[in-house]
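Basis for what follows: all heavy atoms, side chains included, without hydrogens, waters or symmetry-related copies.
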Amino acid sequence: MTYTPADVEVLVLAHKRPAFLREALACYRAQTVQGFRLAVYANGGCPEIKDIAREFDAELFYEEKDLGMYPNIRRAIDGARGKLTILAHDDDLIAPSYVEHLLRAFNRLDGLTLAISRQGDYEHPGGARADACIYCPAPAYLAAYIFTGGSFTFSSFCAKTDALKKTDISLNAPYGKVTDVPFMFQMLEPAEASCVLAWPFVKYRLHDGQDCVDYATGPTAEEWLNLTGFYKKIFDAAGERFKWFFALQSLRHVRIGWRDWCRCEHNRMTYRQYLRLARQKGLLSFTSRVLGALLRGKISHFLQRRLVKFTQTNY
């Protein structure tokens, strides 16, 4: 099948940020390819959004109530009717050729179900080729890329609509503030492929209230460790070398969670208690602790890449 712009729909999730929404919609109207459906799913009561959607000739689905992010996502997914769906947030900017490159990836890569992009400053991409990607022939490869801290954005991705409609939005209980990764992986069956576009096509903008601004609303230690357990299930099912990959990387992942995301619990839990909780959940075996202590930096990175064997290709 050859996908065209008419097969694509862009569903922009909006919440009380009219200035951000105007800039986000302007990015889509400035794409190098046109002819795709553009729709705004707004919730939370902000009448100015109605005028902005009209200004950019976007379909508007407006809800006065404050639904929360995932119920609003469910509403958007239920309204999707194209073959490829780009799910986007109003606080993200995208490069002018983003839709063009997504179409090219889906048309040229075998079995592709999901395409995400690196995030960053797409005006200064650091030498990355615009037509390069990391091709992930099975979900474990994408999980390994994200688990090692690979740059990606959940906030804007493209998926086959049929796969997207199968997702379950009721994942918040065990994963809380880090529901985004489990949400994406629900789209992928064991034999389905995904890719990460190497060019940073998406640039997200920080604003008041985000976790990465003040950490006050970040995930709890329990939520972060549950996410680590989610990765472990994927790697355990994928074979022995991915189990070794998890052993190499798990202590680093748990440490990063404590340092960067779980600060909201620092006054209630010591780092030692946090590591004990991780061990109780089966996430820090003796092997993981030894490898994490002995193998650092370039050695660990080299071994991880040899185990996973990421495939960088052009599309």
Using a 4.5 Å cut-off on heavy atoms from C-beta on, say whether the side chain of [Y] contacts that of [X].
X	Y	value
Glu55	Leu25	no
Tyr204	His89	no
Pro200	Ser117	no
Tyr98	Ser156	yes
Ile86	Tyr28	yes
Thr153	Ile116	no
Trp261	Lys177	no

Under the side-chain contact (heavy atoms from CB on, under 4.5 Å) test, residues paired with [X] that sit two or more places apart:
X	answer
Arg306	Phe302
Arg279	Leu275, Arg276, Leu284, Arg289
Lys65	Glu63, Leu67
Ile299	Leu295, Leu303

Non-neighbouring partners of Phe235 that pass ring-ring contact (aromatic ring centres under 6.0 Å, His included), sequence neighbours left out: Phe147, Phe245

Check: [X] side chain, [Y] main-chain N or O, donor-acceptor pair, under 3.5 Å:
X	Y	answer
Ser194	Ala115	no
Asp7	Thr4	yes
Thr85	Ala159	no
Gln34	Arg29	yes
Tyr274	Arg255	no
Gln273	Thr270	yes
Arg118	Ala198	yes
Glu64	Gly45	no

Gap separating the CZ atom of Arg252 from the OG atom of Ser250, nearest 0.5 angstrom: 11.5 Å

Euclidean distance, Leu225 CG relative to Cys262 SG, rounded to 0.5 Å: 7.0 Å

Sequence neighbours excluded - salt bridge (charged side-chain N to carboxylate O under 4.0 Å, His left out) pairs with any residue from residues 35-46: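 Checked against salt bridge (charged side-chain N to carboxylate O under 4.0 Å, His left out) - neighbours excluded - the pairs reaching residues 35-46 are Glu9-Arg37, Arg37-Glu59.
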
Pairs satisfying salt bridge (charged side-chain N to carboxylate O under 4.0 Å, His left out), at least one member in residues 154-174, at least two apart: Lys166-Glu189

Set of residues satisfying side-chain hydrogen bond (donor to acceptor under 3.5 Å, both in side chains) with respect to Asp131, sequence neighbours excluded: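 Partners of Asp131 by the side-chain hydrogen bond (donor to acceptor under 3.5 Å, both in side chains) criterion, ordered by chain and then number, come out as Arg129.
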
Name every donor-acceptor pair, under 3.5 Å, that has one atom in a side chain of residues 133-142 and the other anywhere in the protein, sequence neighbours excluded.
from	atom 1	to	atom 2	distance (Å)
Tyr135	OH	Asp110	O	2.8
Tyr141	OH	Arg241	NH2	2.7

Contacts of Asp57 that satisfy salt bridge (charged side-chain N to carboxylate O under 4.0 Å, His left out) - sequence neighbours left out: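 Per chain and number, Asp57 pairs via salt bridge (charged side-chain N to carboxylate O under 4.0 Å, His left out) with no residue.
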
Lys281: partners by salt bridge (charged side-chain N to carboxylate O under 4.0 Å, His left out), with sequence neighbours left out: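 If we apply the salt bridge (charged side-chain N to carboxylate O under 4.0 Å, His left out) test to Lys281, skipping adjacent residues, the hits are Glu222.
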
Lys/Arg-Asp/Glu bridge criterion (N-O < 4.0 Å) met for Asp51, Arg54: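 Judged by the 4.0 Å cut-off on N to carboxylate O distance, Asp51 and Arg54 do form a salt bridge.
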
Electrostatic pair Asp90-Arg22, nearest N-O below 4.0 angstrom: no

Sequence neighbours excluded - ring pair (Phe, Tyr, Trp, His ring centres under 6.0 Å) pairs with any residue from residues 41-73: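 The answer is Tyr41-Phe61.
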
Ring centroid separation Tyr231 to His253 under 6.0 Å: yes

Derivation of the ring-ring contact (aromatic ring centres under 6.0 Å, His included) call for Phe230 and Tyr175: CA-CA 9 Å; Phe230 171 84; Tyr175 306 114; 5.8 Å; yes

Distance-minimising heavy-atom pair for Met184 and Ile146: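 Scanning both residues completely, I find the closest heavy atoms to be CE-CD1, 4.0 Å.
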
